[in-house]
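Below is one structure, written out as C-alpha cells, with a few remarks after it.
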Amino acid sequence: QVQLVESGGGLVQAGGSLTLSCAASERTFTTYTMGWFRQAPGKDREFVASISGSDRSRTYADGVKGRFTISRDNVKNTVSLQMNSLKPEDTALYSCARWSPTANKYDYWGQGTQVTVSS
C-alpha cells in the first residue's frame, strides 16, 4: 500500500510564499509521475502541477505558471511544491497523487494539507 503524506500548509498573507512537501512510502517512487491538486470549498478538485519520474518534465496549470514550482527528490522520496506570490484564490486543500500508467489515472492520494491565503 502506497502512502502519501503532505505537509507544509498554513496561513499566509497575499504575496507570501509556502513550500508544500509530499513524502511517499514506496521505494519505486522514482519511476512514477507525481502530481499536486487542490480543492477549494464548493469547487471541484483541480490540477496544479505534475513532474515525471524519469526526465522530470513539468506541467503546470495556467493559473500557477510562473508562481509555483514543482520538484522532486528521488533519494528522499519526496515531491515539493514551491508557491510564491500567493493569492487569496490559491486557498484550498492541496493534495499530492501518484500517476499509474497501467490504470491511466492518479491512483494513490494523500490526505492533503490546507493552504489559506489572506487578503
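Along the sequence shown, the residues carry numbers beginning at 1.
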Would Asp73 and Thr78 count as a side-chain hydrogen bond (donor to acceptor under 3.5 Å, both in side chains) here? Give the steps. CA-CA 5 Å; Asp73 185 329; Thr78 59; 4.9 Å; no

For a side-chain contact (heavy atoms from CB on, under 4.5 Å) check, start with the C-alpha distance between Phe68 and Asn84, then their side-chain angles and the critical distance, and finish with the verdict. CA-CA 6 Å; Phe68 290 10; Asn84 299 324; over 6 Å; no

Minimal heavy-atom distance between Pro88 and Ala14, with the atoms involved, is CD-CB, 4.1 Å

Pair Tyr94-Met83, side-chain contact (heavy atoms from CB on, under 4.5 Å): steps then yes or no: CA-CA 12 Å; Tyr94 285 72; Met83 306 185 295; 3.9 Å; yes

Can you give me the closest heavy-atom contact between Ser80 and Ser21, atom names plus distance? OG-OG, 4.2 Å

Can you name the nearest heavy-atom pair linking Leu18 to Leu86, along with the distance? N-CD1, 3.9 Å

Do side-chain atoms of Ser100 reach the backbone of Tyr106 as a donor and acceptor pair under 3.5 angstrom? no

Can you name the residues that form a side chain to side chain contact (heavy atoms under 4.5 Å, CB included) with Arg45, not counting sequence neighbours? Phe37, Gln39, Trp109

Would you give me the side-chain donor-acceptor pairs under 3.5 Å for residues 2-13, sequence neighbours excluded?
from : atom 1 : to     : atom 2 : distance (Å)
Glu6 : OE1    : Gln111 : N      : 3.1
Glu6 : OE1    : Gly112 : N      : 2.9
Glu6 : OE2    : Cys96  : N      : 2.8
Glu6 : OE2    : Gly112 : N      : 3.3

Quick one: pull up CZ in Arg98 and SG in Cys22 and give me the separation to the nearest 0.5 Å. 11.5 Å

Compare all side-chain heavy atoms of Val79 with those of Trp36 and state whether any distance is below 4.5 angstrom. yes

Any side-chain heavy-atom pair from Met34 and Ile70 closer than 4.5 angstrom? no

Please tell me if the side chains of Leu81 and Val48 come closer than 4.5 Å, counting only heavy atoms from C-beta onward. yes

Just so I know, are the side chains of Gln1 and Tyr108 near enough to count as touching, which here means a heavy-atom distance under 4.5 Å? yes

Checking the side chain of Asp90 only, and the main-chain atoms of Lys87 only, is there a donor and an acceptor separated by less than 3.5 Å? yes

Close side-chain approach of Leu93 and Thr113, heavy atoms under 4.5 Å: no

By the disulfide (SG to SG under 2.5 Å) test, which pairs, at least two apart or in different chains, include something from residues 61-91? none

To the nearest 0.5 Å, what is the distance between CD1 (Ile51) and CZ (Arg58)? 4.0 Å

Looking at Thr91 and Val117, would you say the former's side chain and the latter's main chain have a donor-acceptor pair under 3.5 Å? yes

In this structure, OH of Tyr60 is separated from CZ of Arg67 (nearest 0.5 Å) by 12.0 Å

Apply the test side-chain contact (heavy atoms from CB on, under 4.5 Å) to residues Glu26 and Tyr32: give CA-CA distance (whole Å), side-chain angles for both, the deciding distance (0.1 Å), then the verdict. CA-CA 10 Å; Glu26 188 180 42; Tyr32 290 94; 3.4 Å; yes

Decide yes or no for Arg38 and Lys43: does some side-chain heavy atom of the first lie under 4.5 Å from some side-chain heavy atom of the second? no

